[in-house]
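Every value quoted in this text rests on a predicted model; they were computed, and no experiment measured them. What you see below is based on every heavy atom in this structure, not just the backbone, and it leaves out hydrogens, waters and symmetry mates.
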Amino acid sequence: MKRKISALLAADIVKYSTLVAEAEEETVRRLADYRALCEDLASRHGGRVVNMVGDAVLAEFPSSVDAVRCALDMQEAMRARNEAYPLDRHMQVRIGVTLADIMDQDGELFGDGVNIAARLESLSPAGGICVSQTVREQAVGKVAAAFRDIGEQRVKNLPQPIRAYVIDPPGADAAVAGKMLQLRRGRVLAAVVVAAVAGTAGVTAVQFRDAPKTPASALPAAPAPSLAAIPAATGTRRFDEAKLRALAAGQSIPLPPRLRVIMPDAAVPRGLADYLGAWGGEQRWNKRGRQAMLIVESIDEAGTAIGVYAHGVPLNPNAITQNSARFVPFAATVTDKGLHFAWGRSNYNFLLMPDGSLWGQLDSNNERGHFELSIVLQRVE
């Protein structure tokens with residue numbers, strides 16, 4: 001385990017559970033867009049996303065200036081995306097940034113610095129950024145932002161107070177923001193960030209297309225029985241990671257450095273829990289298209305699934321897209337019609353079959369027209 005100095009960025013979405021309750025499918029689609037945005041911007045600023053769990057993101061950067069610039073770009077991008085929605089459907093993010101001496105074990109980060117980044121995030125106003133004193137000293141004059149001193153803040157599980165500074169969102173009233181900060185002081189960060197620190201699936205930075213967001217189109221009904229009628233495909237939901245990575249390497253499909261399936265809560269119905277695991281195989285989306293892999297890492301009783309989709313390069317020179325092999329983290333909804341998520345202009349639907357395989361459908365609209373492709377992925381175990 002090596003030690004190093006890194007700038008850490010922690011972010012989460014304000015009142016995410018409320019947004020889900022009011023418009024589940026829309027929110028999950030927007031969450032996938034938010035996660036892709038975080039990956040893209042972290043990469044552009046020389047950093048990497050260490051962990052994503054639910055709406056929480058932990059990213060690492062070589063310098064405080066890079067981390068703050070990324071945070072500013074994230075907030076600006078989220079404000080631009082919110083313009084397409086009514087005020088009560090705005091997806092606002094809080095961000096915390098610190099500089100710390102941390103421990104790195106196979107890409108996972110440990111130490112007080114991770115906790116401090118999370119605590120600073122909890123002190124940030126919605127749409128704003130909260131940084132430590134060291135970060136402010138290194139970034140002031142190098143970024144186009146004003147740092148408001150909010151004094152020393154005592155937070156849970158840290159013996160010494162943190163001197164913190166806030167970059168308020170445009171148009172924020174400092175007095176109102178200060179009062180809201182006092183109400184939130186000492187708040188415990190949602191367990192989802194703590195879970196990220198504990199070592200759930202890490203995701204390295206990858207490059208994404210900046211495709212305009214379009215509503216998910218309705219997929220044709222899959223030719224299979226309802227979710228409730230499908231028996232469990234296997235008695236275990238773990239997967240053979242060595243076998244999966246060997247298969248991915250043989251197909252030149254990139255995967256994150258860390259993969260882990262979180263066993264579901266007892267309240268998660270069996271028909272949902274059976275979607276946990278990894279799928280791949282030799283088949284392609286069409287005869288000369290891409291080979292693909294799907295890893296579902298967690299799922300809750302509402303049917304919200306988190307995971308990774310990965311694919312290789314197409315063999316067909318006239319394929320829909322010639323983008324390089326890549327992987328993308330996704331947030332999906334699982335219903336009796338299968339597991340659904342959107343990536344750019346494409347909609348993906350994977351339905352668990354009685355034999356344990358996944359029947360997948362890709363519905364895509366782009367400059368080359370409309371495409372509907374299918375594939376069958378086998379469980380890797």
Asks: Between Thr333 and Arg29, does any side-chain donor sit less than 3.5 Å from a side-chain acceptor?
Replies: no
Asks: Sequence neighbours excluded, which residues qualify as side-chain hydrogen bond (donor to acceptor under 3.5 Å, both in side chains) partners of Lys142?
Replies: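 Checked Lys142 against side-chain hydrogen bond (donor to acceptor under 3.5 Å, both in side chains); zero matches.
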Asks: Rounded to the nearest 0.5 Å, what separates atom CG in Leu9 from atom CE in Met74?
Replies: 5.5 Å
Asks: List for me each residue that meets salt bridge (charged side-chain N to carboxylate O under 4.0 Å, His left out) alongside Asp149, sequence neighbours excluded, and say none if there are none.
Replies: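 Testing Asp149 for salt bridge (charged side-chain N to carboxylate O under 4.0 Å, His left out), a comparison that skips the adjacent residues, returns Arg163.
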Asks: Let me confirm one number: the CG-CG distance from Leu351 to Asp336, rounded to the nearest 0.5 Å.
Replies: 9.0 Å
Asks: Got a sec, which residues hit side chain to side chain contact (heavy atoms under 4.5 Å, CB included) with Arg245, two or more places apart in sequence or on another chain?
Replies: Glu241, Leu255, Leu259
Asks: Below 4.5 Å, heavy atoms only, C-beta onward: do Leu247 and Glu282 meet side chain to side chain?
Replies: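 Side-chain contact under 4.5 Å: yes.
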Asks: Decide yes or no for Val308 and Met293: does some side-chain heavy atom of the first lie under 4.5 Å from some side-chain heavy atom of the second?
Replies: no
Asks: Working to the nearest 0.5 angstrom, can you tell me the gap between Thr18 OG1 and Arg89 CZ?
Replies: 9.5 Å
Asks: Under a 4.0 Å threshold between the charged nitrogen and the carboxylate oxygen, would Glu39 count as salt-bridged to Arg326?
Replies: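 Looking at Glu39 together with Arg326, the answer is no, because their closest N to O distance does not fall below 4.0 Å.
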Asks: Kindly indicate whether the side chain of Leu120, heavy atoms from C-beta on, has any atom under 4.5 Å from the side chain of Ile116.
Replies: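 Side-chain contact under 4.5 Å: yes.
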Asks: Given the rule in the side-chain contact (heavy atoms from CB on, under 4.5 Å) test, do Leu294 and Tyr348 qualify, once you have shown the distances and angles that lead to the verdict?
Replies: CA-CA 11 Å; Leu294 185 80; Tyr348 294 81; over 6 Å; no
Asks: Tell me which one of Ile295, Leu352, Ile375 satisfies side-chain contact (heavy atoms from CB on, under 4.5 Å) with Trp279.
Replies: Leu352
Asks: Below 4.5 Å, heavy atoms only, C-beta onward: do Val68 and Ile129 meet side chain to side chain?
Replies: no
Asks: Take His90 and Met78, measure what side-chain contact (heavy atoms from CB on, under 4.5 Å) needs, and give me the verdict at the end.
Replies: CA-CA 9 Å; His90 280 192; Met78 292 302 292; over 6 Å; no
Asks: Could I get the full list of side chain to side chain contact (heavy atoms under 4.5 Å, CB included) partners for Gln138, not counting sequence neighbours?
Replies: Ser64, Leu99, Thr134
Asks: Check Arg3, Lys4, Lys2 against Asp104 for a side-chain hydrogen bond (donor to acceptor under 3.5 Å, both in side chains) and give me the one that passes.
Replies: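 Considering Arg3, Lys4, Lys2, a side-chain hydrogen bond (donor to acceptor under 3.5 Å, both in side chains) with Asp104 is found only for Lys4.
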Asks: With distance as the sole test, does Ser6 use its side chain to make a donor-acceptor pair with the main-chain N or O of Leu8 at under 3.5 Å?
Replies: no
Asks: Just wondering, do Pro170 and Arg79 contact through their side chains at under 4.5 Å, heavy atoms?
Replies: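 Contact flag for Arg79/Pro170 side chains = yes.
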Asks: Please give me the minimum heavy-atom distance between Gly128 and Pro169, naming the atom from each residue.
Replies: CA-CD, 3.9 Å
Asks: If you take all heavy atoms of Ala126 and Gln92, which pair is closest and at what distance?
Replies: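 The pair with the smallest heavy-atom distance is CB-OE1, 3.5 Å.
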Asks: Hey, quick one: are Val14 and Val28 part of the same hydrophobic cluster, counting side-chain heavy atoms closer than 4.5 Å, chains of contacts allowed?
Replies: no
Asks: Looking only at atom types and distance, does a side-chain atom of Arg290 sit under 3.5 Å from a main-chain N or O of Gly312, one as donor and one as acceptor?
Replies: yes
Asks: So, using ring-ring contact (aromatic ring centres under 6.0 Å, His included) as the criterion, who are the partners of Phe330 when residues are at least two apart?
Replies: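 Residues passing ring-ring contact (aromatic ring centres under 6.0 Å, His included) with Phe330: Phe341.
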Asks: Please report the C-alpha distance between Val93 and Tyr34 in whole Å, then the side-chain angles of each, then the deciding distance to 0.1 Å, and finally whether the side-chain contact (heavy atoms from CB on, under 4.5 Å) criterion is met.
Replies: CA-CA 10 Å; Val93 175; Tyr34 157 74; 3.8 Å; yes
Asks: Just verifying a value: how many Å separate Ile13 CD1 and Arg35 CZ, rounded to the nearest 0.5 Å?
Replies: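 Rounded to the nearest 0.5 Å, the CD1-CZ separation comes to 9.5 Å.
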Asks: CD of Glu137 to CZ of Phe147: how many Å apart, nearest 0.5 Å?
Replies: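 Rounded to the nearest 0.5 Å, the CD-CZ separation comes to 11.0 Å.
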Asks: Who passes side chain to side chain contact (heavy atoms under 4.5 Å, CB included) against Val268, sequence neighbours left out?
Replies: Pro264, Asp265, Leu272, Ala273, Ile299, Glu301
Asks: What distance separates Arg30 CZ from Glu25 CD, expressed to the nearest 0.5 Å?
Replies: 14.0 Å
Asks: Hey, does the Lys NZ or Arg CZ of Arg69 hover above the aromatic six-ring of Phe61, less than 6.0 Å from the centre and inside 45° of the axis?
Replies: no
Asks: Indicate yes or no for a side-chain donor-acceptor contact from Thr98 to the backbone of Ser132 under 3.5 Å, with no hydrogens or angles considered.
Replies: no
Asks: Below 30° counts as parallel, above 60° as perpendicular, anything between as tilted: where do the rings of Tyr309 and His311 land?
Replies: perpendicular
Asks: Mind checking whether Leu377 and Gln283 have side chains closer than 4.5 Å, heavy atoms only?
Replies: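 With C-beta onward as the side chain, the pair stays apart.
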Asks: So Asp363 and Asn349, side-chain contact (heavy atoms from CB on, under 4.5 Å) or not? Walk me through it.
Replies: CA-CA 8 Å; Asp363 188 352; Asn349 202 69; over 6 Å; no
Asks: Please indicate whether Glu22 has more than 12 foreign heavy atoms, meaning atoms of other residues, nucleotides or ligands, lying under 6.0 Å from its CD.
Replies: yes
